[in-house]
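Following: one structure in structure tokens, then a few remarks.
Throughout, a chain's letter reflects where its sequence line sits, starting with A, and its residues are numbered from 1. What you are looking at is a predicted structure, and each value in this text was computed from that prediction instead of being measured.
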Amino acid sequence: MEKKEFYLEVLHVDKNCGARYGILHTPHGDVEVPCFMPVGTLATVKTLSPEEIKSIGSGIILANTYHLHLRPGEDIVEKAGGVHKFMNYDGPMLTDSGGFQVFSLAEKRKIKEEGVTFKSHLNGDEIFFSPEIVIGIEEKIGADIIMSFDECIPYPATYEYAKDSTLRTLRWAQRGKEAHKTSQALFGIVQGGEFSDLRKMCAEELVKMDFDGYSIGGTSIGEPKDVCFKMIDMAIPYLPFDKPRYLMGVGSLDYILEGIGKGIDMMDCVLPTRIARHGTVMTHNGRVNIKNAKFKEDFTTLDSECDCYTCKNFTKAYLRHLYVAEEALGQRLLSIHNLRFLISIVEGAREAIKEDRFLEYKDEILKKYGDLRGF
RNA sequence: GGAGGGGUAGCGAAGAGGCUAAACGCGGUUGACUGUAAAUCAAUUCCUUCGGGUUCGGCAGUUCGAAUCUGCCCCCCUCCA
């Protein structure tokens, strides 16, 4: 990556709430925000080709540092010419740092000041991740945006635990920033658990370090909805207006809309792709489990209001057949639908923000798809 | 014709007198999934008015008690003629 060409252009803020519309400029193209980012942990949005990823209107996707380090290894990705060339995807990309794996693989790691020692979930190998090492791996992978190494604090956590962890995450952020050599955009991650003073402190300290963007982490890990929403409120006031704000691990329809209303620009979640692979889809008629026997002879489309490839071409009976027969196409078609469904809702949100009617839009969507809440 | 082996829930397959409405797998049904250890996991799967009722090829026995023991019958498989 040559010259720095990463910045957020905020074009409009809804007059009635914090929601904002803008363009995120990256070396691999512009992304309209707010946006939802499909998760492609192993340099693939599971079951989808790069063409399909683009066809669902996705502006940016993520991959994961921990998982790509384990296989194929960042050196191979680098030799391939970077992750974009490796996976033949030329759109904007972001790599998560492995901070989430500090949480999700808690039984297989030890945290120390220097960094985290993991026992590989694949073969038990010892893997050491320090903030500097993580940045080095992310530089080799070569995404447009890279994340600082952090600890995603579990919920619930005591104040003492959250404080110690957050202070360490801040030290790691500083160390990672100092180690960072490329022009890739580097984001800091606001932790602090559910404690407002810690969230505030963390946000303020990160802003002092001057990152290219800021994430709100430690969300969507099993905490009640109102706690998650408060965590967003605790950080947003301290984040700079002109830098992108990324709410990590969110998610479902209601969380996404709530985040957007509070001024979040980017979100990601495995939910739409995971539940699709497990047979569940979000539709304009509510939640549908394609496995259900009632769809055996249902020759109507999945969602008549959806413009995705799946809904334009296939019936529920066929999708159910594919799923039940464990044909890979079934999971792929359902993944296409779920991502397109969610992304089209976010597209609608962007249009609404431009016209200062985001709050009405949000109410309308939540009222219409009320039973999609809590996904 | 002779010699063996076997028939257990939708299917496959354990069980060899009470702890067995019957392990386990598949299939069926339902549900969960939030910076992906996840094409994974969980529940349920004889009938029931939830009191109970009826089951392990069939019938008849032995026993306080039988899928399990005995007799006869029916069916399937393998080998030999």
Side-chain angles (χ1 to χ4, degrees), chain A residues 36-48 60-68 70-71 94-109 118-124 127 143 145-153 155 187 189-191 213-225 228 231 246-256 258-259 264 266-282 287-296 320 322-335 338 342 372-375:
Chain A
F36 177 79
M37 308 184 281
V39 179
T41 304
L42 281 160
T44 166
V45 176
K46 292 187 191 297
T47 77
L48 302 191
I60 173 169
I61 62 172
L62 29 152
N64 181 279
T65 303
Y66 172 84
H67 288 285
L68 287 178
L70 287 186
R71 55 184 180 191
L94 176 154
T95 41
D96 188 26
S97 61
F100 183 72
Q101 279 63 45
V102 178
F103 160 77
S104 66
L105 301 176
E107 290 140 45
K108 301 186 175 301
R109 55 73 176 153
F118 290 95
K119 279 252 179 191
S120 161
H121 68 279
L122 297 175
N123 58 16
I127 291 137
I145 302 170
I146 64 178
M147 304 301 299
S148 293
F149 190 48
D150 67 331
E151 181 198 358
C152 175
I153 298 174
Y155 180 89
F187 281 27
I189 302 174
V190 180
Q191 290 293 342
Y214 300 89
S215 290
I216 297 172
T219 46
S220 292
I221 50 168
E223 77 283 4
K225 192 189 289 190
C228 175
M231 286 173 173
Y246 164 22
L247 178 59
M248 308 186 85
V250 167
S252 54
L253 202 56
D254 50 346
Y255 282 62
I256 288 174
E258 187 71 21
I264 294 294
M266 310 157 67
M267 284 156 287
D268 77 287
C269 194
V270 306
L271 197 65
T273 44
R274 179 181 290 167
I275 66 175
R277 270 178 285 118
H278 297 167
T280 301
V281 285
M282 302 177 261
R287 187 178 181 129
V288 167
N289 191 330
I290 203 67
K291 289 180 278 189
N292 289 174
K294 62 184 172 188
F295 299 124
K296 235 172 228 175
R320 177 184 138 85
L322 290 179
Y323 190 85
V324 169
E326 295 179 59
E327 283 293 335
L329 180 61
Q331 299 191 326
R332 184 162 146 218
L333 292 175
L334 296 183
S335 295
N338 266 353
L342 221 44
L372 292 182
R373 293 190 209 197
F375 254 107

*Mind checking the P distance from U34(B) to G51(B)? Whole angstroms is fine.*
38 Å
*Nearest-nucleotide comparison on RNA chain B, the residue closer to the 5′ end among R277(A) and E151(A)*: E151(A)
*Return the value, rounded to whole Å, for the distance between atom CG of D268(A) and atom P of U34(B).*
12 Å
*Name the pairing partner of U78(B), where a pair is Watson-Crick or G-U wobble with both distances under 3.5 Å, or state none.*
A3(B)
*L342(A) and L253(A): side-chain contact (heavy atoms from CB on, under 4.5 Å), yes or no, with the steps?*
CA-CA 7 Å; L342(A) 221 44; L253(A) 202 56; 3.9 Å; yes
_Suppose we define a pair by two distances each less than 3.5 Å, Watson-Crick or G-U wobble; what does C41(B) pair with here?_
G31(B)
*F103(A) has an atom CZ; how far is it from atom C1' of A37(B), in whole Å?*
13 Å
*Opposite nucleotide pairing with C50(B), Watson-Crick or G-U, both atom distances under 3.5 Å*: none
*Minimum-distance nucleotide (side-chain atoms of S104(A) versus U36(B), A37(B), U34(B))*: A37(B)
_Nucleotide nearest N289(A) when distance is taken to its side chain, options U30(B), G31(B), U36(B)_ = G31(B)
*Closest to the M248(A) side chain: U34(B), G35(B), A32(B)?*
G35(B)
*Which is true for Q191(A) with a 4.0 Å heavy-atom rule: it touches a base, it touches only sugar-phosphate, or it touches nothing?*
base
*Sugar-phosphate, base or nothing in reach of I189(A), heavy atoms under 4.0 Å*: base
*To the nearest angstrom, how far is L62(A) atom CG from G35(B) atom P?*
9 Å
*Using the C1' atom in both, what is the distance from A9(B) to U54(B), to the nearest Å?*
13 Å
*Could you give the distance from CG (L333(A)) to CD (E327(A)), rounded to the nearest 0.5 Å?*
11.0 Å
*Could you tell me whether G51(B) is syn or anti, where syn means a glycosidic angle within 90 degrees of zero?*
syn
_Under 3.5 Å donor-acceptor pair, K291(A) side-chain atoms to G31(B) base atoms_ = yes
*Give a yes or no on whether R277(A) atom CZ has more than 12 heavy-atom contacts from other residues, nucleotides or ligands under 6.0 Å away.*
yes
_Whole-Å distance separating the CD1 atom of I153(A) from the C1' atom of G35(B)_ = 14 Å
*Does any non-hydrogen side-chain atom of F118(A) lie less than 4.5 Å from one of R109(A)?*
yes
*Residue matched to G18(B) through Watson-Crick or wobble contacts both under 3.5 angstrom*: C64(B)
*Under a 4.5 Å cut-off applied to non-hydrogen side-chain atoms, are P272(A) and F36(A) in contact?*
yes
*Before giving the answer on side-chain contact (heavy atoms from CB on, under 4.5 Å), spell out for F187(A) and M266(A) the whole-Å C-alpha distance, their side-chain angles and the decisive distance to 0.1 Å.*
CA-CA 12 Å; F187(A) 281 27; M266(A) 310 157 67; 3.9 Å; yes
*How do Y323(A) and V270(A) order along RNA chain B: which one's closest nucleotide is nearer the 5' end?*
V270(A)
*Inter-nucleotide P distance (A22(B), A39(B)), Å rounded*: 34 Å
*Does a side-chain N or O from S120(A) land closer than 4.0 Å to OP1 or OP2 of A37(B), or not?*
no
*Base, sugar-phosphate, or nothing for R320(A), non-hydrogen atoms under 4.0 angstrom?*
sugar-phosphate
*OP1 or OP2 of U34(B) less than 4.0 angstrom from a side-chain nitrogen or oxygen of R274(A), does that happen here?*
yes
*Does some side-chain heavy atom of M147(A) sit less than 4.5 Å from a side-chain heavy atom of Y246(A)?*
yes
*asked:* Under 4.0 Å from OP1 or OP2 of G31(B): is there any side-chain N or O of N292(A) that close?
replied: yes
*Applying a 3.5 Å limit to both distances, which nucleotide forms a Watson-Crick or G-U wobble pair with G10(B)?*
C26(B)
*Give the intermediate values and the outcome of side-chain contact (heavy atoms from CB on, under 4.5 Å) for residues L105(A) and Y66(A).*
CA-CA 11 Å; L105(A) 301 176; Y66(A) 172 84; 3.5 Å; yes
*Expressed in angstrom and rounded to an integer, what is the separation of L329(A) atom CG from A39(B) atom P?*
17 Å
_Closest to side chain of A293(A), choosing from U30(B), C33(B), G27(B)_ = U30(B)
*asked:* I'd like the P distance from G57(B) over to G15(B), given in whole Å.
replied: 15 Å
*Counting only distance, no hydrogens or angles, is the base of U36(B) paired donor-acceptor with the side chain of T273(A) under 3.5 Å?*
yes
*Is any side-chain heavy atom of E258(A) less than 4.5 Å from a side-chain heavy atom of V250(A)?*
no
*Write down the distance separating the C1' atoms in A81(B) and G12(B), rounded off to the nearest Å.*
34 Å
*P gap between A43(B) and G53(B), integer Å*: 29 Å
*C1'-based separation of G17(B) from C64(B) [nearest Å]*: 12 Å
*Assign D150(A) to base, sugar-phosphate, or nothing according to its heavy-atom contacts below 4.0 angstrom with the strands shown.*
base
*Can you check the D96(A) CG to U36(B) C1' distance for me, whole Å?*
11 Å
*Could you work out the separation of C11(B) and G58(B) based on their P atoms and round it to a whole Å?*
14 Å
_Without decimals, in angstroms, what is the distance between Q331(A) CD and U40(B) C1'?_
10 Å
*Please determine if a side-chain N or O atom of R287(A) lies less than 4.0 Å away from the OP1 or OP2 oxygen of A32(B).*
yes
*Answer with base, sugar-phosphate or nothing: what part of the nucleic acid does G279(A) contact at a heavy-atom distance below 4.0 Å?*
nothing
*N or O in side chain of T41(A) less than 4.0 angstrom from U36(B) OP1/OP2*: yes
*Find the distance H121(A):NE2 to A37(B):P and express it as a whole number of Å.*
7 Å
*asked:* What's V324(A) touching, base or sugar-phosphate or nothing? Going by heavy atoms closer than 4.0 Å.
replied: sugar-phosphate
*Does H67(A) stack onto the base of U36(B), taking stacking as ring centres under 5.5 Å apart and planes under 30° apart?*
no
*OP1 or OP2 of U36(B) less than 4.0 angstrom from a side-chain nitrogen or oxygen of Q101(A), does that happen here?*
yes
